[in-house]
Amino acid sequence: QISLSSKALHLGMFEIGRPLGKGKFGRVYLAKERKTGFLCALKVLHKSELQEGRVEVQLRREVEIQSNLRHPNILRFFGHFHDSKRVFLIIEYAAQGELYKMLRKAGSFSEPRAASYIAQMASALSYLHKKHVIHRDIKPENILVGSHGEIKLSDFGWSVHAPTNRRTTLCGTLDYLPPEMLREEPHGEKVDLWSLGVLMYEFLVGAAPFEDAPRETQSRIVRLRYQVPDFVSPEAKDLITRLLRLDPEKRLPLDQVAEHPWIVKHCKSQT
Ligand SMILES: Nc1ncnc2c1ncn2[C@@H]1O[C@H](COP(=O)(O)OP(=O)(O)OP(=O)(O)O)[C@@H](O)[C@H]1O
Ligand SMILES: O=C(O)c1cc(-c2cccc(F)c2)nc2ccccc12
Ligand SMILES: [Mg+2]
């Protein structure tokens, strides 16, 4: 268990290893804490880029939110420090990398595998919502995989404390956006339930339910125009349809997701 006091934090503490990936604002490296040999990921962000991107406030919020989260399916945030040019984030190393890459390689996931992931996501989201944190950017790209194949929700750059009608100039895909966010209306935790339904669909089908050209995607979302292929089991289809509801209040609550027959059937741990 790594315990880093912010005083003692500086780059010298770490042996920098291979690059793990590159995000919009930062490169991420494998790092080893010299004293303990503890492996972690070091996200390096350049202050100049943060200022140009006008994302300083968002980064501070991401750091503030993630610092207080402790859950097996949420990527752990250990600390941060900065020098004159860069901000460094020390985060848990997800040894099996991106779920997105696994999904693209496999095409789609088996129902047992998808059910296990959805159960873990429901557990992470339930923890977050109890703290009135909404993630708002659930998608395969933001889910990493730990050394035992467990999933780790990451990327809290868009998370906020609910409720909010924060205007998000989202530049990523529209595929996961619920109708209320597309309409830039006030929204709450239930936006994550919609995205969980989109995620489940994409795990089982290999493509998102409203995937199309951007304008078509937008109109298909607000009209709830999607179809579930016949190879998807009736139980799985039932859960998808209970999450993809235009009215946020009608989306299946997380505790009922965990007890849904499709989840129970595939997940040993009934706890
Ligand atoms: N903790 C980690 N463990 C293992 N790999 C990681 C970790 N964090 C990031 N990576 C790798 O680095 C890539 C970029 O990291 P990350 O997604 O956090 O950047 P980002 O700023 O969120 O980029 P974007 O906003 O475009 O998603 C990830 O896609 C992943 O491949
Ligand atoms: O020079 C600074 O004081 C500075 C600090 C931080 C910062 C400090 C703690 C947490 C965090 F997420 C970010 N971010 C920056 C981004 C751009 C330019 C300067 C800074
Ligand atoms: Mg990311």
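Just so you know, these numbers come straight off a predicted model, no measurement behind them. Each ligand, and each atom within it, is numbered from 1 in the order the structure gives.
- Contact check on D137 versus K139 returns a salt bridge, with a Lys/Arg side-chain nitrogen under 4.0 Å from an Asp/Glu carboxylate oxygen.
- The protein heavy atom nearest to atom 3 (O) of ligand 2 is H82 CE1, 3.6 Å.
- In E62, neither the side chain nor the backbone holds a heavy atom less than 4.0 Å from any atom of ligand 2.
- The shortest N or O to N or O distance between D155 and ligand 1 is below 3.5 Å.
- By the 4.0 Å heavy-atom criterion, K24 is counted among the residues contacting ligand 1.
- Looking only at distances, a side-chain donor or acceptor of R34 sits under 3.5 Å from a matching main-chain atom of G12.
- Judged by distance alone, with hydrogens and angles left aside, the side-chain atoms of Q120 form a donor-acceptor pair with the main-chain N or O of I151 at under 3.5 Å.
- Ligand 2 places these atoms under 4.0 Å from at least one heavy atom of H80: 9 (C), 10 (C).
- Within the 3.5 Å criterion, the main-chain N or O of N142 finds a donor-acceptor partner in the side chain of S154.
- Heavy-atom proximity to A41, at under 4.0 Å, picks out these atoms of ligand 1: 1 (N), 2 (C).
- In terms of modelled atom types and a separation under 3.5 Å, the side chain of S67 and the main chain of V63 share a donor-acceptor contact.
- Among protein heavy atoms, the minimum distance from atom 5 (C) of ligand 2 is reached at R60 NH2, 3.3 Å.
- For the pair K43 and ligand 1, the shortest N or O to N or O distance falls below 3.5 Å.
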I would like to know whether F203 and W262 meet ring pair (Phe, Tyr, Trp, His ring centres under 6.0 Å); could you show each step before the answer? CA-CA 14 Å; F203 283 168; W262 184 69; 9.4 Å; no
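- Residue contacts with ligand 1: Y93 is placed with no nitrogen or oxygen under 3.5 Å of a nitrogen or oxygen of the ligand (distance criterion only).
- The protein heavy atom nearest to atom 15 (C) of ligand 2 is V87 CG2, 4.1 Å.
- At distances below 3.5 Å, at least one donor-acceptor pair connects side-chain atoms of E150 with backbone N or O atoms of H148.
- Residue L144 places no N or O, backbone or side chain, under 3.5 Å from any N or O of ligand 1.
- At the shortest separation from atom 16 (C) of ligand 2 among protein heavy atoms lies E56 CG, 3.5 Å.
- Under a 3.5 Å cut-off, the side chain of T217 and the backbone N or O of D175 do not form any donor-acceptor pair.
- Considering only non-hydrogen atoms, atom 30 (C) of ligand 1 lies nearest to E98 out of K22, Q96, E98.
- Within ligand 1, the atoms closer than 4.0 Å to a non-hydrogen atom of G23 are 14 (C), 19 (O), 20 (P), 21 (O), 23 (O), numbered from 1 in the order shown.
- Side-chain atoms of R245 never come within 3.5 Å of backbone atoms of L252 as a donor-acceptor pair (strictly under, hydrogens ignored).
- Protein heavy atom in closest approach to atom 19 (C) of ligand 2: K47 CD, 3.5 Å.
- Using a 4.0 Å cut-off to heavy atoms of L75, the atoms of ligand 1 that qualify are 1 (N).
- The backbone N or O of R70 sits less than 3.5 Å from a side-chain atom of Y127, completing a donor-acceptor pair.
- For the ligand labelled ligand 1, residue R27 lies outside the 4.0 Å heavy-atom shell.
- A side-chain donor-acceptor contact under 3.5 Å links R220 to the backbone of E211.
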